[in-house]
Amino acid sequence: MNAPDRFELFVIPEGRKKVSMTPDTKLPNAATFTIEREDHTLGNLLRMQLLKDPRVLFAGYKVPHPLEHNFIIKVQTIPSCSPEIALGEAITELIQEIGTLKNKFEMDVIRQKAEEAKTAQNDELQTALRPGTTMDMDF
Amino acid sequence: MRGARPNPQETDDDLLRQQEEFLLTGVKPSAKVHRRQPPSVGGFTRIGTPVKVADNAHVEPISTSVSVSSQEALTGFGETPAEATRGDHEEISKPTATRQSHFARSASKLESSGALAAAHRELLEREKQAKVEEVTGDPNAPAVKRVVDFNSNLGTVMGQVAEKDVVKLDFNLGGISKPHQTGFPEPVHRSEFARRRAKAKMKEATNGQESAQEPATRDVIAPMAIHQPLTSTGDGHVSNADNIYQQIHEENINRLQSMSDAEIEQERASLISSLNPVLVQKLMNRKPLVEREAAPSSSPTSISPSGGDISRNLTSSPTQKASTQASEEDDMPFEMNSDGEIVSIPKMRRRSSGHRFESLSSSPKPNLAQLVEVKGETESADDPIAMYKTYYRDVPIEKEKLEWMGINPPSKKAPTKGVTSSPLSNEVSTTPTASPLPSPIPSPVMFSPDPQHPAFNLRFDFYGALLDPASKSVPVHKGLHHHGANPDLPGYTISELLHLMRSQVPSQRVIALNTMGRIISRMKAATYGVEISRNIYEFLIHQAGAVVYLRSSIDDNHIAVVVASINALAAWMLEDTDCYGGRSYFSTYGGVIAEEDTWGVDEKLQPMTRGGDGIWMRPPHLSRTQVGQQSTSSTLDVKSSRAHVNLEDEDDDDEELTTDGNHAPTAQETVMQQAARAERNLVSAFVRMHLLQRFQYLLETWAPGSDGGLNATACDLIMRMIERCTRSSRSTAEFILKHHQPLIDSVWDWSISETQWPLLDRAEDASTDSDTSQSSGNQTTMKSRRRFQLSKKWPRLLGIRIIRNLAQTSRVFARDVVVGKGYMDHLLRFLLISPNSMVHLEAKTLAFQLQIETLRLYHVLANYGLGCHILNDIFVNIPGWISDAIYDGDGATVDVQELRLRSWHKRRAIVTLTLLESYVHNAADNHRTEPEHGISWAQPTSFLSSVAEGIDVWVRHCGENNGAYFLVDVSLLASAIAYITAWISYWNPSGLDHSAEEAKTIWTSMEKIWTGDLLDVVIGALLMVEEAEKNKKEYDESWELPNLAGIYHPRMIPPIKQAANRTVMVNMIVRVLQAWDAFGRLELEDITPRCRELVQSDVIIALNLAAAEHAQSEVRSAQNHWRLAFVRQEIYLLFAWCQAIVTLSPLSQVSSETPQSIIRINASIVFDLMAILQPGDEYMAVWLLQHCVLSPCMPRSFTRDTSASLSDILRPFYRSTVGYPSRLSASEASCRRLNNKITEQMFDCGANRGKFPSSRLPLGPNWIYCPIDELYHATSSRALRELPSDYTSTGTDVIVATLRMIEASIGFRGIPAEETNLLLIALMKIHLVQPNVLTLAGEDESEEEIFQFKPVASLIEHCLDQFSISRWIPPKASTPALEALDKAFYDSSFYIQKSGKPFYQFYQDFAAAFASSSFGDRSFARLLIPPLCSKSPRDYKDLIWNDMNDILRLIQVHIEELPTIGPHGYDDYVSPPEQNTTILSYYLTALVEKRVQRPSVLYWVAIHHLAHATFSKTVNAEFGKIIITRLVSKADEGLLEDWLFYNTTTSFRGLTPPLTQHFVILDPTRRKERVARIQDASSPDVQKQVVARFPMYVE
């Protein structure tokens, strides 16, 4: 009834940025990032990636309200680093990793397709070679 | 045939006809009579069926429908049950005639009358059944049972008939039998004249409908004619049958001719509408009967099956109608489903009336097809087995007997359940219910005792003594051998007794009831030993439904049975040795207290602070775990329904009883629900079963005085039971007030108004009494006295007591009935005649007791501000009563009788002074009375001087005569002080009526109380702690029925008495403290400092500390138990002291004046006291909050700086926790004696249970944390919603303030070992509080987490430090850590109890919060660890070590920082060593992947478990090798070393941190051993690596 509109899932409201950072006042090298119009999919990915980073002391995310489509991610790093750098690098690495994944996937798809085409050709050849049979697409 | 009353459908004519038959035949009814119906209707007379009885068993023909309808016809409550005419032939034949005519009429209207042959066949079948019945008798049933079974067989036959579900009832069938307007048959006039007239009438009628009349006459004329064909298989048979067909046919034709077309149509329509359409179709297709008559049928048995069915259907229809009608009138809950449809009518016909409540599910109604099939089988076979299958499926097979007959029992197990084991009687007709409620006769399916139950096989003799089950050696002529299930064993089982309780023979019922009563009372007193008694209890309540049977047993109309039933009920409900009011309740005559135990607990509790509160004796509330046990102990089939009921009304009867507007919903309650209620609250269940209505009837109709009525003993028992009901629980009492007003009136009439006063004796009695009053045990005088008192009834104490209980329950009752109806004035007669003028001691005793009871009732009324006019009437007597109690002797011992008299005088003085105190409060403000200005100030205060004089004497003589009546003296002094205190507290120094001198005079006279050694003696007695300890142990060892509160275990009595004595002494101190408080307020220059000094004296402080400790432990152990009433006085003591401290030395001033210790002690007592305040003390809680806890000056004494607004921040939260405003004002009214606002005077110790408690007291030790709870449950918090509009503090402020309070509390009283878990939970909750919880929506606030806020963080850290294992280890062992945490979580707040959220779920949230937003906060991490301790379930470890293993490295907690969770320090976390390989592999992974590292405690935990797994051989060797291999290959140097040289032998108990140094073995030789062991255990590959890594330890 009073559920938010569906477009709220991806349209960033006026005057807000996709990512905003609030440095933590209490802790050094700590910051809270608010990321708009994203959910656990990205939040968890980012957190896992950040936690792999040895320079990151703490990384955690949460979705403050289930009907508001944003999440916050808290990052604390060692002094020689800073949260935004850690987050940036984490994002870069994620992109790379996903890119690799995508490449792999696509390569596999191509390979698979090629193989299929090959077998199909073979089949065709075979059926063609066999006398008296017609192509039956409806198998 | 007892109670076989005329069928409502029978007219006078029928009855007369029957009578005539009876006279004509003149046959004596016995088993040998073979009566036969005339041929025309033979098939339809099921009643007079020829029964060939093999043995001499006495068989009574019982009509199915008659027993049903007669029983149901008894709807009026007050109706005297019909006198039974046993063996009356007339009654036996009555239904016969009825049914004949019914059927004759309806059947003759059938077009195709093929019914006859079938009917005939049915007769033969039934003859066979009767024979089979001989074989398959019920094991538990002697003759009675067989009779009933015979009928049930009829039912079985009937049950075979496929009946259509009756949707619409047409009562007009046949047009003969209209239901009577009143529901009762019209009275029978058996005069000769009437008979003649009836005859004449009949003749007239026969002209029109001859055929209807015929059968009856034929029945008389030709019994022999039918006899022949049915018993013989001779040749005459066929022709006879033909004859019958012919006759029926003729009859039908005649009937049809006599009817008009319209009538025929109507009948036809009604028949078609009421029959199964299939059947109708079949009937229509058949040949007419006459045409078939010549059909080859050598024997009736070969008639086609379908014909049989039809006939049976036809036969059944009139009866069916009759019963439907009856049942509809009667509103039987058992037969109606929710829509009001009658659902189980077909079933009813299945068995005899006794079984009609059997549920449908037990044996589904066979459909027509099945029937026909089965039928065909039977027709061909005479095999008993086949017959069994057709007719007796519900009856157990007796294999031995079948074998004896040479028949192999069927292999298929018969569905015997519910019949074999159930002690269910089948005769309902013998116990007509005299009340309008549904007869609570349970069905056999509902209560099927489990034969495996330990109490099932217990056997008892008639005295209720347990017989040795193994004693087969008892000769059969001794030891109560009988024809039960085990004829070789002596005695009776409970099931058998319950069965016999519903025997048809009254004397059998009496014996069974008496025995049952004895068993119950022995069981309650645990004479059999607690274990067996508990088994018996469980069996009676959970399995056998004994409560319901007992309840129905009192509905008997045999006086002996009723008396026996009253005794049994009394044994169940009442306390044998009733500490409440001595033994008055069960004195058997006249309600006189037996002499020796005069001063009962009830009276001792009477002068309590709030003035005469009663106690609700509700059964102790079952805790969570107990409920679980309960349900597992019950049998499976009952369990589901019971659980359902339990869920439905978990709060006992609180809501239901009071919300019922009328009887209607109550009547719907099924037997099951009643039984389930009885499991929780026996008294309430009885009240709901309308026991009181029956009592009222008995009291009014059968009470002594009327000839042949109940004797006085039984009446007194009834009175006692009524009294017990009135103080059972609020809802029960309110139910009584609402629905049983007439009962109260008749109680009043019977016990008070229709009695003799003054107590007069006949001359001879007086003389014997004065002689024998000492030796009252003399049997003969007792008897004569009893006889005398029967002739002239004495007033009953219990009458006044019942009135008082009800008055305490409800102000409205007190005002409208007790005062309004003049009860109060009526009682005045007891006060105005002096007891000393009574003739003998017994009468004197009763007179004193009546006076005391009356005064107590007045006291209750005075507490409401009611009935103050009575003071005018007793004004002249009061000085006498006070001076009577003043004995200023020289201390010489006096004789016993004189002492008793003195004690009576003193007890009367106590009550009088208490009453006066109440009047003083009323007089202080004229608006407190109702009507207003009912009393003037001068009246109650005019006895001051005599009381002051009395105090002087009482102090001097207190405890003289060897302390025989020491406590009476103490109580007398206490009430005298209370009276004076009440006066002085309204004293106005500037007023004209009193001068300061007067106050000083009184003060001087009172000072003697504390200047002498009396106070020291009392306090000394109170400080004896061992006594209390012993009491507690006695409580714990004794047992109490979970559904009945009270004292009946002999072990309970001494501790209760001691507790009562203790209460008396505490009361004295309370009064003294209040007196000091009141006098200290006067600001008189010499009194006030003295009071201050006294209040702060060491003795008083010591007493308070001891009382606080005692009260705390009592409250903890007696949760929701009525004996909390005894703790109450100690709570008042503490409160009085706190009040005195605050008023006499205001804390704002004391900081400089008084030593710090007073503040500390006071504060610690206040913190303790807040936790244990009981429901009804809400005002005190608020007062304490206001003046002690949150007072602006109080926090200044806290150790740290506090913002001044601390109290402003927290007050709304604590206030709302204490209770709702309505509750608060009620409590204030009683605490401050605003009498016109008091609505009830009962103490409810279980008020905080249930779903929506009106009071949240007692708060429990976690009351301090409640603001945290409110914030944590922000969405459902009432406190947050009700915050004042100008409340500006944020959530963080609230948390800080609360933490300050916690800190202060720790500072004052430390952390008791039991409360650490509560604190842990509270701190955990803080971390989950939403940061913006107190800001309004839309307001923008920084989303900073509360726990990061600096003050919060440091305070949490401070609290955690207080009980980290480096600082503090509790001395005592407690429950396992996680269970304790779980329990603490459950206890921690009301919201959690309501929602039932499990701790694991909470912990998951907590861990998720840690992972998402903690920034690795250290306090957060510290709180995360306790549930991971070694003993906790796997789930917790799975969660953190596996599912969330990425947060492991964030948990950077040092060992010293661990919170203490048990008495073993670090050992609690790590022992026992982990066995589970999955968990171990988590540890291994975490270590190898460096998720946990030194110095985190988790690192050491993992090392500990892995080292144990490898070196202690606790885990399987294979896994050990995996650990070794992985660690040696993957781990770095430090980890490897820590693991390899971990010291598994050390226990970390009691070791003070730093523990780390104990972890690792430093000794080189032991290190070498370890390395050697590794080398032994591992593969060469690993060995090489070990050598490479630790060259120095390799040899």
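Numbers restart at 1 for each chain; the letters A, B, ... are given by sequence-line order, proteins then strands.
In terms of modelled atom types and a separation under 3.5 Å, the side chain of A:Thr100 and the main chain of A:Gln96 share a donor-acceptor contact. A donor-acceptor pair is defined here as one N or O able to donate and one able to accept, closer than 3.5 Å; no such pair exists between the side chain of A:Glu93 and the backbone of A:Ala90.
Under the 4.5 Å side-chain criterion, counting only non-hydrogen atoms from C-beta, B:Leu1535 is in contact with B:Ile1503.
Counting heavy-atom neighbours within 6.0 Å of B:Gln1401 CD, excluding the residue itself, gives a total above 12.
If you measure heavy-atom distances from A:Thr25 to chain B, the contacts under 4.5 Å come from the side chain alone. For a residue to count as touching a neighbouring chain, one of its non-hydrogen atoms must lie under 4.5 Å from one of that chain's; by this rule A:Leu57 touches chain B with the backbone only. Both the backbone and the side chain of A:Leu51 come within less than 4.5 Å of a heavy atom of chain B.
Proximity to chain A at a heavy-atom threshold of 4.5 Å picks out B:Phe1410, B:Ala1411, B:Ser1412, B:Ser1413, B:Ser1414, B:Phe1415, B:Gly1416 from residues 1403-1419 of chain B, in numerical order.
In this view, B:Tyr1400 and B:Tyr1436 satisfy the ring-ring contact (aromatic ring centres under 6.0 Å, His included) rule, not counting sequence neighbours.
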Open item on the list: Run the salt bridge (Lys or Arg N to Asp or Glu O under 4.0 Å) test on A:Lys18 and A:Glu36 for me, step by step, so that the C-alpha distance in whole Å, both residues' side-chain angles and the decisive distance to 0.1 Å come before the verdict.
Closed with: CA-CA 5 Å; A:Lys18 179 78 180 172; A:Glu36 283 293 335; over 6 Å; no
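Classified by interplanar angle (parallel below 30°, tilted 30° to 60°, perpendicular above 60°), the ring pair B:Tyr1483/B:His1505 is parallel.
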